[in-house]
Amino acid sequence: MTSESKPAHFLQNLIREDLAEGRVSQVATRFPPEPNGYLHIGHAKSICLNFGLAQEFGGTCNLRFDDTNPAKEEEEFVDAIKRDVSWLGFEWNGEAKYSSDNFDQLYQWALHLIKAGKAYVCDLSAEEARHYRGTLKEPGKNSPYRDRSVEENLALFEKMRNGEMEEGQCSLRAKIDMAAPNINLRDPIIYRIKKMAHHQTGDKWCIYPSYDFAHGQCDAIEGISHSICTLEFEDHKPLYDWLIENLPVPSRPRQYEFARLHLNYTVVSKRKLKQLVDEGHVDGWDDPRMPTLSGMRRRGFTPTSIRNFCEMIGVTRSDSVVDVGMLEYSIRDDLDKNAPRAMCVMEPLKVTLKNYPEGREEMLSAPGHPVRDDLPARELPFGRTLYIEKEDFREEANKKYKRLVLGKKVRLRNAYVIFAEEVVKNDAGEIVEVICSVDLDSLGKDPADGVKPKGVIHWVSAVNNVECEVRLYDRLFNDSAPDAGGKNFLDCVNPDNLQILKGCKAEIGLAKAAPEQGYQFERNGYFCRDSKYGSAEVPVFNRTIGLRDSWAKEQNK
RNA sequence: UGGGGCGUAGCCAAGCGGUAAGGCAGCGGGUUUUGAUCCCGUCAUGCGAAGGUUCGAAUCCUUCCGCCCCAGCCA
């Protein structure tokens, strides 16, 4: 997808105008996660937007940890977030930034507000403050502490800072308007007491600025030109602007909002994701079924596929729910173009070629990719006994079934045409082996009789292969809106979201597959070696996504 | 009769007064040693609804309807 064929979204247009009219000379954006959890597909949209805009307009994008609440944050998440952003393929401007880098400056600015009579220490408890705040439809009332003198406020704030006040005993509030229709303007709390250590600043502080007091000012300090956030912060913008206008900040950032990503068949809220982990519905935050970037990475999603997906869904201000089908399309699209091909038999059925010499083995060669000749060819050992897929053989079938049928022939992918002559069954009547003859004159060409088999099936040598385990993932939820009102999202968990197949047989080259490297298992889907499970002898392969399957569709008609 | 936002196809989304782009999904067909890919065709007389302005309206005006966000010392 080229940029000239893709129409610009509202933020691109807006930045273009800012640049053209000289309101902004240098584009500077930032991606500002709070380090309180793992990044997920929703964050990817914001990352691609912020870093993408900076790239497009020759600007910069900072990575900033919005760490104003030590109660929720951990260093572990800082590391995970850096890893995920890098993995997606973006490089942040300079060192990673922290809101906490600016705690001293923020404190000075709080003093500035107090001295200007625009902030005061309020002794109302959280509950009292709620009552004074009013409701959505009724204005609030002024706090009885609202008119304290500058000197008194300075002294009190000093005591807050020195730890002489208890948590919840008082807070610092901006003095704006308790009757404002926008509740964010009803004397918002800008500093609160939290007597706890911070992952970056240690024990230096026992008071911490609120999001509202920190965010815009940090934007200004970092010289951010366009501070892009999601729609729910729209109501905070008047407060954002009020603070910028009332403080001697070094630059004038502007906030813009876009709609966050909603994906059907998916939940993304941290609380729910945590519940899936804690209650054992999945294996961890990086379980391949999770919509976290670490889970998707382990599942086999590529950075390119995620970036393309974000490009495809666009950026607007309207709430929308994107079909996971689009995500599935983008990973198939990327892997089809770039993943090496391989063969793997999931449920092996033995095939004996009665006219192929016992003990003989030849090495066949197969292309690494149907059109990419830069991907190396692979070696496929071929012999008298092979495995094919159980479901690729039937004793009888109609002409729609284009696979191996008793008394008919089929092409072995990258190899010979074989003819099914007889079936061997066990005592239970199950087919355990198919005896075939092989047309040794059909390698790389049609059979001499000119009759071209209509089917092609995959196979693997029965004596020279890689034993492996395959994990077939399906959608985690079978309800398109597990999040939607009223229902318990856990009731929507798809009971068949994971099928583990043991005793699968893969072509020998897969023994050295690297974790996360995507392969197409021909006629089946895209897979990658799991980074957590499996051994050198018996690797585990995760199915990233199946191939489109018009045969299954046909059968369901 | 609190404030703020958003409504274009099954889904996402262009469009900014000149007669509804594109993608995903779907449907039909062609190529194919992957029932994949690829290629071709098809898919809104209609833009939340109703009025109005205009030669002309998804675009402007009016009214109405629906959905989302806000009453953390969370972000």
Side-chain angles (χ1 to χ4, degrees), chain A residues 1 5-9 32-34 36 66-69 71-73 122 124-126 129-131 133-140 167-173 180-186 188-194 207-208 210-212 214-215 229-238 257 259 264 311-330 332-333 336-337 341 343 366 370-371 400-403 410-415 417 442 444-446 452-458 520-525 546-555:
Chain A
M1 201 172 293
S5 67
K6 177 90 181 167
H9 57 68
E34 181 182 21
N36 68 346
D66 209 349
D67 56 349
T68 56
N69 186 356
K72 297 191 168 186
E73 300 153 8
C122 179
L124 254 23
S125 70
R130 184 164 65 245
H131 287 118
R133 192 150 36 228
T135 69
L136 292 177
K137 297 190 177 185
E138 302 154 25
E167 280 190 27
Q169 190 182 340
C170 54
S171 62
L172 185 69
R173 300 230 248 163
N182 181 338
I183 292 179
N184 292 299
L185 263 17
R186 319 238 263 231
I189 276 96
I190 57 176
Y191 257 97
R192 71 291 213 205
I193 300 167
K194 281 182 188 288
I207 57 172
Y208 293 94
S210 64
Y211 161 84
D212 285 306
H215 204 94
C229 60
T230 45
L231 249 21
E232 67 269 26
F233 290 99
E234 190 158 29
D235 292 341
H236 292 244
K237 183 151 57 184
E257 313 85 18
N264 63 14
E311 187 67 28
M312 190 177 354
I313 60 177
V315 179
T316 69
R317 291 174 59 85
S318 46
D319 289 303
S320 54
V321 181
V322 173
D323 194 318
V324 271
M326 288 206 211
L327 219 207
E328 294 171 350
Y329 167 81
S330 51
R332 281 194 189 104
D333 185 50
D336 173 56
K337 292 183 173 85
R341 309 288 121 129
M343 293 195 286
V371 298
K400 278 191 171 179
Y401 184 81
K402 304 195 295 181
R403 306 178 185 192
V410 78
R411 159 76 65 183
L412 292 179
R413 174 81 169 152
N414 298 308
V417 171
S442 63
K445 57 183 177 183
D446 288 340
K452 198 174 169 174
K454 43 182 201 306
V456 178
I457 63 173
H458 58 98
Q520 185 195 93
F521 289 180
E522 291 184 297
R523 299 210 314 130
N524 193 326
L547 252 27
R548 280 184 69 211
D549 191 352
S550 58
W551 167 240
K553 207 177 290 177
E554 175 70 26
Q555 284 176 305

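Because only heavy atoms are used, hydrogens play no part in the values below, and waters and symmetry mates are left out as well, while side chains stay in. Just so it is clear, the structure is predicted and the values come from calculations on it, not from any experiment. By convention in this document, chain letters (A, B, ...) are assigned in the order of the sequence lines, proteins followed by strands, and residues within each chain are numbered from 1.
Nucleotides rG15(B) and rC60(B), compared at atom C1', are 16 Å apart to the nearest Å. The gap from the C1' atom of rU8(B) to that of rG46(B) amounts to 9 Å, rounded to the nearest Å. Between rU45(B) and rA21(B), the two P atoms lie 13 Å apart (nearest whole Å). To the nearest whole angstrom, the two P atoms, one in rU59(B) and one in rC43(B), are 25 Å apart. Comparing the C1' positions of rC39(B) and rU32(B) gives an interatomic distance of 11 Å, to the nearest angstrom. rA13(B) and rA44(B) have their C1' atoms separated by 14 Å, with the value rounded to a whole Å. Of the P atoms belonging to rU19(B) and rA25(B), the separation is 30 Å, rounded to the nearest Å. Look at the C1' atom in both rG52(B) and rC67(B): the space between them is 26 Å, to the nearest Å.
Closest approach to the K553(A) side chain among rC27(B), rG35(B), rC73(B) is made by rC27(B) (side chain taken as heavy atoms from C-beta onward).
Note on S330(A): nothing from the nucleic acid sits closer than 4.0 angstrom, heavy atoms only. Within the nucleic acid shown, D66(A) comes within 4.0 Å of sugar-phosphate atoms alone, with no base atom in reach, counting heavy atoms only. At the heavy-atom level, K194(A) lies under 4.0 Å from the strands shown only through sugar-phosphate atoms. Residue Y401(A) is classed as a base contact, given a heavy-atom separation below 4.0 Å to a base. G444(A) comes within contact range of at least one nucleobase, with a heavy-atom separation under 4.0 Å. Residue L185(A) is classed as having no contact, given no heavy-atom separation below 4.0 Å to the nucleic acid.
Using a distance-only test at 3.5 Å, with no hydrogens or angles considered, a donor-acceptor pair links the side chain of N182(A) to the main chain of D235(A).
The side chain of Y329(A) places an N or O atom within less than 4.0 Å of a non-bridging phosphate oxygen (OP1 or OP2) of rC24(B). Close to rU34(B), at under 4.0 Å from its OP1 or OP2, lies no side-chain N or O of R332(A). The side chain of R403(A) contributes no N or O atom lying less than 4.0 Å from OP1 or OP2 of rG35(B). Neither OP1 nor OP2 of rU34(B) sits under 4.0 Å from any side-chain N or O of R341(A).
Residue W551(A) and nucleotide rG35(B) are classified as a stacked aromatic pair, their ring centres being separated by less than 5.5 Å at an interplanar angle below 30°.
Counting to the nearest Å, the C1' atom of rC38(B) and the CG atom of D333(A) are 12 Å from each other. Computed from coordinates, the K445(A) NZ to rU33(B) C1' distance equals 15 Å when rounded to whole Å. What separates CZ of F521(A) from P of rU37(B) is a distance of 19 Å, to the nearest Å.
Salt-bridge check for K337(A) with D333(A): passed, with a basic side-chain N closer than 4.0 Å to an acidic carboxylate O.
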Dot-bracket for RNA chain B, please, read 5' to 3', with Watson-Crick or G-U wobble pairs under 3.5 Å on both distances, ( ) within the strand, [ ] crossing, | other strand, . unpaired. .(((((((.[[[..)..(...]]].(((((.......))))).....[[[[[..)....]]]]])))))).....
What string of B, S and - do you get for nucleotides 1-13 of chain B 5' to 3' if you count protein non-hydrogen atoms under 4.0 Å? -BBSSS----BSS
